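Accompanying notes for the structure given below.
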Amino acid sequence: MDVIEMTRQLGKAIQEDERYKAYMDACTVNDTDVEIQNKIGEFNQLRSQLSVEMQKPDKDGEKMTTLDTQIRELYDEIMAMPKMIAFNEAKEVMDKLLGSVNYIISMAANGEDPMTCPEEAPHSCSGSCATCGGCH
């Protein structure tokens, strides 16, 4: 079996993983939720309006501020929806899995033992939670 075939097997294994299934389920739920899709459509429409206003030579600062405020409020509303929260949690777990896979492959490509290298890059603490988002 060559590397490409083994990679295809890895892809298949990822698709059989519970984290992948949870992520895909969350995607389907959000993609089929009318309320979420309507809010996203409204969000995109507001962003488009802001973009058009920003392109005008005679920009209306008050209109741009109003649109920006509406965009931020709608974004917060969307992100606070229970199904969107569940989606983001599932996406974070899936992103961590893919990050681990990529890190192990990268380490192996750099000569490390793929059987013993860590699943993620070691974290160093600068003492400021602003640099990394805090301790886990």
Side-chain angles (χ1 to χ4, degrees):
M1 184 179 308
D2 70 0
V3 172
I4 298 301
E5 181 59 30
M6 292 171 71
T7 304
R8 293 182 193 286
Q9 291 298 319
L10 174 60
K12 183 178 176 184
I14 288 171
Q15 290 179 341
E16 293 170 355
D17 189 279
E18 290 305 314
R19 293 165 285 194
Y20 172 83
K21 292 175 183 177
Y23 172 67
M24 293 308 293
D25 288 346
C27 287
T28 300
V29 166
N30 278 3
D31 289 348
T32 59
D33 186 281
V34 174
E35 182 182 11
I36 289 174
Q37 292 307 310
N38 287 341
K39 295 284 183 187
I40 291 171
E42 185 180 340
F43 175 84
N44 289 333
Q45 192 172 36
L46 288 171
R47 278 189 0 177
S48 178
Q49 290 175 18
L50 180 59
S51 179
V52 167
E53 190 61 39
M54 291 174 71
Q55 299 297 324
K56 291 181 179 177
D58 56 336
K59 297 172 181 61
D60 182 341
E62 187 174 318
K63 184 175 182 180
M64 288 181 5
T65 300
T66 300
L67 286 169
D68 185 58
T69 300
Q70 290 174 331
I71 289 168
R72 290 174 191 269
E73 288 173 354
L74 188 54
Y75 177 83
D76 290 344
E77 184 181 339
I78 293 167
M79 297 311 283
M81 298 173 91
K83 291 176 184 175
M84 187 58 78
I85 291 170
F87 167 79
N88 283 324
E89 289 171 354
K91 183 179 182 319
E92 185 178 320
V93 169
M94 188 64 196
D95 288 346
K96 184 174 181 185
L97 170 63
L98 293 176
S100 293
V101 168
N102 287 330
Y103 184 72
I104 291 168
I105 290 170
S106 294
M107 294 298 292
N110 288 321
E112 298 292 327
D113 181 354
M115 303 310 288
T116 61
C117 70
E119 290 184 14
E120 58 185 40
H123 299 287
S124 59
C125 183
S126 68
S128 169
C129 290
T131 60
C132 73
C135 297
H136 299 284

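Not measured: the values here are computed from a predicted model.
Other residues sharing the hydrophobic cluster of Met107, ordered by chain and number and joined by side-chain separations under 4.5 Å: Tyr103. Val34 belongs to no multi-residue hydrophobic cluster, having no ILVMFWY side-chain contact under 4.5 Å with any other such residue.
Sequence neighbours left out, the pairs with a member in residues 68-77 that pass side-chain hydrogen bond (donor to acceptor under 3.5 Å, both in side chains) are Lys39-Glu77, Asp68-Arg72. Among residue pairs with one or both ends in residues 30-52, none qualify as ring-ring contact (aromatic ring centres under 6.0 Å, His included); sequence neighbours excluded.
Summarising the geometry, atom CG belonging to Asn110 is positioned 12.0 Å from atom CD1 belonging to Ile105; distances are rounded to the nearest 0.5 Å. Once rounded to the nearest 0.5 Å, the distance linking CG of Leu97 with CD of Glu18 reads 12.0 Å. The CG atom of Leu46 lies 5.5 Å from the CD1 atom of Ile71; values are rounded to the nearest 0.5 Å.
Residues satisfying the side chain to side chain donor-acceptor pair (under 3.5 Å) criterion with Glu42, sequence neighbours excluded, are absent altogether. Under the side chain to side chain donor-acceptor pair (under 3.5 Å) criterion, Arg19 pairs with Asp17, sequence neighbours left out. Residues satisfying the side-chain contact (heavy atoms from CB on, under 4.5 Å) test with Asp113, not counting sequence neighbours, are Met115, Thr116. Judged as a salt bridge (Lys or Arg N to Asp or Glu O under 4.0 Å), and not counting sequence neighbours, Glu35 has no contacts. Listed by chain and residue number, nothing satisfies the side-chain contact (heavy atoms from CB on, under 4.5 Å) test with Glu92 (two or more places apart in sequence, or in another chain).
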Below 3.5 Å, can you tabulate the donor-acceptor pairs from side chains in residues 78-91 to any protein atom, sequence neighbours excluded?
from: Lys83; atom 1: NZ; to: Asp33; atom 2: OD2; distance (Å): 2.7
from: Asn88; atom 1: ND2; to: Met84; atom 2: O; distance (Å): 3.3
from: Lys91; atom 1: NZ; to: Asp95; atom 2: OD2; distance (Å): 2.8

Using residues 5-15 as the side-chain source, report each donor-acceptor pair under 3.5 Å to any protein atom, sequence neighbours left out, with the distance given to one decimal.
from: Glu5; atom 1: OE2; to: Gln9; atom 2: NE2; distance (Å): 3.2
from: Thr7; atom 1: OG1; to: Val3; atom 2: O; distance (Å): 2.7

Expected list for residues 51-62: side-chain donor-acceptor pairs under 3.5 angstrom, two or more places apart:
from: Glu53; atom 1: OE1; to: Lys56; atom 2: NZ; distance (Å): 3.1
from: Glu53; atom 1: OE2; to: Asp60; atom 2: N; distance (Å): 2.9
from: Lys59; atom 1: NZ; to: Met54; atom 2: O; distance (Å): 3.1
from: Lys59; atom 1: NZ; to: Lys56; atom 2: O; distance (Å): 3.2
from: Asp60; atom 1: OD1; to: Glu62; atom 2: N; distance (Å): 3.1
from: Asp60; atom 1: OD1; to: Lys63; atom 2: N; distance (Å): 3.1

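There is no path of hydrophobic side-chain contacts, each under 4.5 Å, that joins Ile104 to Tyr20. Transitive grouping of hydrophobic side chains (ILVMFWY, heavy atoms separated by less than 4.5 Å) keeps Tyr23 and Val93 in distinct clusters.
The number of heavy atoms from other shown groups lying within 6.0 Å of NZ (Lys96) does not exceed 12.
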